[in-house]
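Before any comments, here is the structure.
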Amino acid sequence: MLKGKRIILGITGGIAAYKIAFLIRLLKKQGAEVKCILTPASSDFISPLTVSTLSENPAYQQFWNKENGEWTNHVSLGLWADLMVIAPLTANSLAKIAHGYCDNLLLATYLSAKCPVIVAPAMDLDMYSHDTTKNNLSLIEKHGVEIIPAEKGFLASGLEGEGRMAEPETIFKRIEEYFEVGEQLKGKKIIITAGPTYESIDPVRFIGNYSSGKMGYQIAKKCLNRGAEVILVSGPTQQVLVHEKLTLINVRSAEEMLKVVQSHFELCDGGIFAAAVSDYRPAEVEGQKIKKSDDTLTLTLTKNPDILFWAGQQKSKKQWLVGFALETNDAIENATKKLKKKNLDAIVVNTLEDKGAGFGHDTNKITILDLNNNSTKFELTSKKEAAKNILDFITNNLV
Ligand code: CTP
């Protein structure tokens with residue numbers, strides 16, 4: 001599976017660097033082409049000769065080689081690779097890649113790379129649990145980097161806890177997985193709706209809901225990781241996602257969301273509608289801030305367009321459509337009705353009856369229903385894992 005795949009392996013200066021020799025061997029055995037870039041500190045932990053011998057390529061270390069005056073082109077290295085893996089990733093190099101520093105060859109290559117990047121952090125437990133490290137990890141994740149979390153165990157400091165680099169076999173498996181799914185959706189264009197909608201009452205107030213947008217953004221990320229081009233139509237959220245194949249269109253209201261979907265849906269291969277669209281909006285939006293007067297205030301609401309229903313009516317035979325159903329009771333029965341009424345190919349059900357599922361949480365518990373009355377139930381997982389399960393279902397059944 002890895003035959004001919006081009007992998008850049010970035011090695012930074014942590015004790016776990018010595019284990020990278022095993023990773024290089026695993027990759028080479030499977031036929032991958034490996035080029036290793038070492039930061040200055042990493043050669044204290046693994047010798048450039050070891051890296052070069054195992055990878056059958058030079059151990060890239062500096063922008064230019066003093067002996068022969070040769071310059072290493074970080075841009076062409078970045079363009080050469082199908083995948084970049086940085087392992088171990090120390091707290092220091094993590095901070096640098098999170099904030100765009102490029103004072104060594106590895107960092108400059110990271111900034112120039114067009115391919116996906118996977119990192120395996122490794123550091124002492126206090127450093128790993130520090131807020132700054134967590135923020136930096138979350139920042140690079142938002143920029144599309146895949147993180148293989150550090151594991152628990154004995155650390156070089158003598159302490160025990162979370163911070164050990166994932167084992168070379170785990171990193172290898174993740175790389176294999178990437179190549180297994182990385183091109184599954186290549187050439188496909190997918191439209192995704194995410195987040196809440198805000199329906200204006202007056203210039204300073206709106207009707208909204210607690211949707212965080214996490215689920216839709218995780219789905220968008222998974223589609224991008226599998227090679228798709230994504231149009232993400234997002235209501236107001238705190239989520240961030242950057243990717244060269246992503247077109248992010250920010251909207252506020254259901255009507256705005258509908259307009260964007262209407263202008264893009266026809267050219268898409270499929271749609272995943274995860275937005276929590278407000279079913280109603282104020283019938284009239286006041287031009288001025290509503291002043292406090294009587295003890296009660298009555299707002300008249302009018303129905304919003306059902307965006308997913310619209311897409312279901314437009315759907316051609318070649319297109320597929322997946323919706324969500326958030327239910328509080330009789331989840332399967334209600335979701336089955338929505339699946340049929342909205343002319344969907346599948347519906348992802350989550351219910352607020354399940355602890356940890358639905359709005360705001362980092363976790364979700366989903367069931368996927370399809371037109372053949374199949375119901376696939378998943379345990380409570382992270383939204384990231386739930387997104388993977390949804391994408392596995394789509395690629396196996398709909399694409
Ligand atoms: N949806 C939509 N436009 C709307 C309402 C919902 O596109 N105006 C989409 C959602 O993105 C989701 C699916 O329809 O994929 C189901 O949303 P949900 O709120 O569960 O269902 P509703 O059809 O609104 O029904 P109800 O609120 O009565 O349960």
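Each ligand, and each atom within it, is numbered from 1 in the order the structure gives.
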Query raised in the report: Out of D279, V261, L339, N209, who gets a non-hydrogen atom closest to atom 28 (O) of ligand 1?
Result: D279

Query raised in the report: With a 4.0 Å cut-off on heavy atoms, is A335 touching ligand 1?
Result: no

Query raised in the report: What protein heavy atom sits nearest atom 8 (N) of ligand 1, and how far away is it?
Result: P305 O, 2.9 Å

Requested in this report: Heavy-atom contacts with L326 under 4.0 Å: which atoms of ligand 1 show up? List them by number with element.
Outcome: 20 (O)

Query - Polar contact flag, side-chain donor to acceptor under 3.5 angstrom, D370-N374 - result: yes

Report task. Would you check, one step at a time, whether the test salt bridge (Lys or Arg N to Asp or Glu O under 4.0 Å) holds for R226 with D392? Result -> CA-CA 10 Å; R226 294 182 191 213; D392 282 346; 2.9 Å; yes

Query raised in the report: Would you say atom 14 (O) of ligand 1 touches the protein, meaning some protein heavy atom is under 4.0 Å from it?
Result: yes

Query raised in the report: At a 4.0 Å cut-off, with the gap strictly under it, does some heavy atom of A254 reach an atom of ligand 1?
Result: no

Query raised in the report: With distance as the sole test, does D124 use its side chain to make a donor-acceptor pair with the main-chain N or O of G163 at under 3.5 Å?
Result: no

**Report entry** Protein heavy atom at shortest distance from atom 1 (N) of ligand 1
**Finding:** D306 OD1, 3.8 Å

Query raised in the report: Any idea which of E327, K342, K338 brings a heavy atom closest to atom 20 (O) of ligand 1?
Result: K338

Requested in this report: Sequence neighbours left out, what passes ring pair (Phe, Tyr, Trp, His ring centres under 6.0 Å) with Y18? Give chain and number order.
Outcome: none

Query raised in the report: Does E177 CD have over 12 foreign heavy atoms under 6.0 Å away?
Result: yes

Requested in this report: Around atom 10 (C) of ligand 1, find the nearest protein heavy atom and jot down its residue, atom name and distance.
Outcome: A275 O, 3.3 Å

Query raised in the report: Crowded around E379 CD? As in, over 12 foreign heavy atoms under 6.0 Å?
Result: no

Query raised in the report: Which of the atoms in ligand 1, numbered in the order shown and given with their element, are less than 4.0 Å from a heavy-atom of F273?
Result: 11 (O), 12 (C), 15 (O)

Query raised in the report: I307 to ligand 1: N or O pair under 3.5 Å?
Result: yes

Report summary line: min-distance protein heavy atom vs atom 7 (O) of ligand 1 -> L308 N, 2.8 Å

Query raised in the report: What's the shortest distance from atom 16 (C) of ligand 1 to any protein heavy atom, and which residue and atom give it?
Result: F324 O, 2.8 Å

Query raised in the report: Between N57 (side chain) and C36 (backbone), is there a donor-acceptor pair under 3.5 Å?
Result: no

Query raised in the report: So is N304 close enough to ligand 1, meaning a heavy atom under 4.0 angstrom away?
Result: no

Report task. Evaluate the ring planes of Y198 and F206, with Trp represented by its six-membered ring, and classify them as parallel (under 30°), tilted (30 to 60°) or perpendicular (over 60°). Result -> parallel

Report task. Would you check if the side chain of N364 reaches a backbone N or O of I366 as a donor-acceptor pair within less than 3.5 Å? Result -> no

**Report entry** G323: numbered ligand 1 atoms lying under 4.0 Å from its heavy atoms
**Finding:** 15 (O)

Query raised in the report: Is K245 atom NZ crowded by more than 12 heavy atoms from other residues, nucleotides or ligands, each under 6.0 Å away?
Result: yes

